[in-house]
Amino acid sequence: MKARKINESIYWMGAIDWDRRLFDSLIPLPDGTSYNAYLVQGSEKTVLLDTVDPTMVDVLLSQLASVPKVDYIVAHHAEQDHSGAIPHVLERYKDAKVLMTPKGKGMLIDHLSIPEDRVIAVKDGEVLSLGDKTLEFIFTPWVHWPETMVTYLQEERILFSCDFFGSHLATTDLYVTDEARVYEAAKRYYAEIMMPFRKVIQKNLDKIGSREIALVAPSHGPIYDRPAFIINAYRGWISEEPQNVVVLPYISMHGSTKKMVEYLTSALTERGITVYQFDLVVTDIGKLAIALVDAATIVIGTPTVHLGPHPLVFYAAHLANVLRPKLKFASIIGSYGWSSKAVEQIAGLIPNLKVEILSPVLCKGFPRESDFDALDKLAAAIAGKHKEHNLI
Ligand code: FEO
């Protein structure tokens with residue numbers, strides 16, 4: 001892909017990674033991703049904002065072939081998908097300096113062995129004149145590491161936001177054309193890496209809120225030429241108000257837990273609650289993370305394996321615990337053959353979730369009438385809690 005013109009002096013650069021299917025050896029990328037860099041040419045100085053993943057350094061270097069001079073590389077984030085090609089760009093432009101937050105400077109030295117004298121730490125709110133253009137650096141920690149910042153190009157009212165507002169989406173669209181598709185990809189991205197930092201993100205939104213923004217140019221996915229779309233979406237995701245939603249991740253080995261899950265899903269649906277059911281054997285964890293963004297309640301379903309929950313249930317419970325969604329209630333359902341400590345063990349896995357635990361339902365063998373009655377009671381208890389919180 002060649003560089004693409006945003007206007008006479010600003011270009012999209014970077015690479016589209018159509019075939020990448022996993023990020024951080026953890027996060028599924030069903031739609032690939034892109035690593036966006038941006039070239040801003042002022043009347044006196046030229047700046048490259050971010051670079052690309054090291055696997056795609058050749059793409060960026062070929063785009064830069066016609067750029068005789070780069071004075072600065074702005075590194076918004078030290079993670080390698082944006083910073084990994086910086087050493088190659090510094091090699092090409094011998095006088096260029098990297099601009100980064102003080103925390104980020106240390107990380108670039110640690111992770112990429114960039115010589116200390118090639119990195120300049122900037123201050124929060126510092127401005128850099130490129131001649132006829134002015135860059136303002138705004139520290140926005142935890143989107144997605146503690147060192148992150150964004151850059152506001154004052155004259156053009158463009159916010160270069162790196163991971164913040166980004167979406168893992170491989171597309172030739174320079175700008176968002178299909179908001180529903182980008183909404184899902186951006187929500188997945190938020191859920192997987194930013195959800196634990198909601199309170200800080202609120203501060204970051206407030207910080208950038210006083211600026212007029214014409215374009216949000218992230219470092220993954222297309223550019224937003226209707227910034228209100230993504231900014232308002234973030235405001236909803238980070239709000240502490242959950243929705244009338246139950247997330248039900250489960251495993252079933254011989255059908256007992258599945259029967260209970262199906263019964264509970266039906267009982268909750270009859271009571272006007274939206275349920276997202278996930279069989280963890282086939283679940284894309286990104287979809288599970290998306291569902292957790294707005295849910296008021298999680299019910300974890302597990303059979304008993306060696307006295308405890310199934311290992312995939314351990315994984316899902318741990319994931320929910322570290323993502324810290326705005327859940328208010330939790331419960332556990334499942335089955336056992338002769339004995340179980342699944343409830344205690346799962347409860348011990350989710351200390352970060354500030355939830356009220358509603359009475360678990362565990363049955364011995366295949367569920368019977370009394371177990372279905374208990375599931376009805378659980379559904380009624382969940383509906384009652386959702387009503388108390390004005391969610392229904
Ligand atoms: Fe796109 Fe946190 O890196």
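Whatever order the structure lists ligands and atoms in, that order sets their numbers, starting from 1.
- L39 and F137 fall into different hydrophobic clusters, defined by Ile, Leu, Val, Met, Phe, Trp and Tyr side-chain heavy atoms under 4.5 Å apart, directly or through other members.
- When rounded to 10 degrees, the angle formed at atom 1 (Fe) of ligand 1 by NE2 (H220) and NE2 (H82) equals 90°.
- Within the coordination shell of atom 2 (Fe) of ligand 1, defined by N, O or S atoms under 2.8 Å, C162 is absent.
- With respect to R21 and D19, no salt bridge is recorded, no charged nitrogen being found less than 4.0 Å from a carboxylate O.
- Between E136 and R211, at least one side-chain N (NZ, or NE/NH1/NH2) sits under 4.0 Å from a carboxylate O, which counts as a salt bridge.
- Ion pairing between a basic and an acidic side chain is recognised when a charged N comes within 4.0 Å of a carboxylate O; K133 and E155 show no such pairing.
- Within H77, the N, O or S atom at minimum distance from atom 2 (Fe) of ligand 1 carries the name NE2.
- Taking the six-membered ring where the residue is Trp, F329 and H389 present perpendicular rings, their angle passing 60° and hence far from 30°.
- Angle ND1(H144) to atom 2 (Fe) of ligand 1 to OE1(E79): 90° [nearest 10 degrees].
- Taking atom 1 (Fe) of ligand 1 as reference, D81 places its N/O/S atom OD2 nearest.
- Atom 2 (Fe) of ligand 1 has an N, O or S atom of D163 under 2.8 Å away, backbone or side chain.
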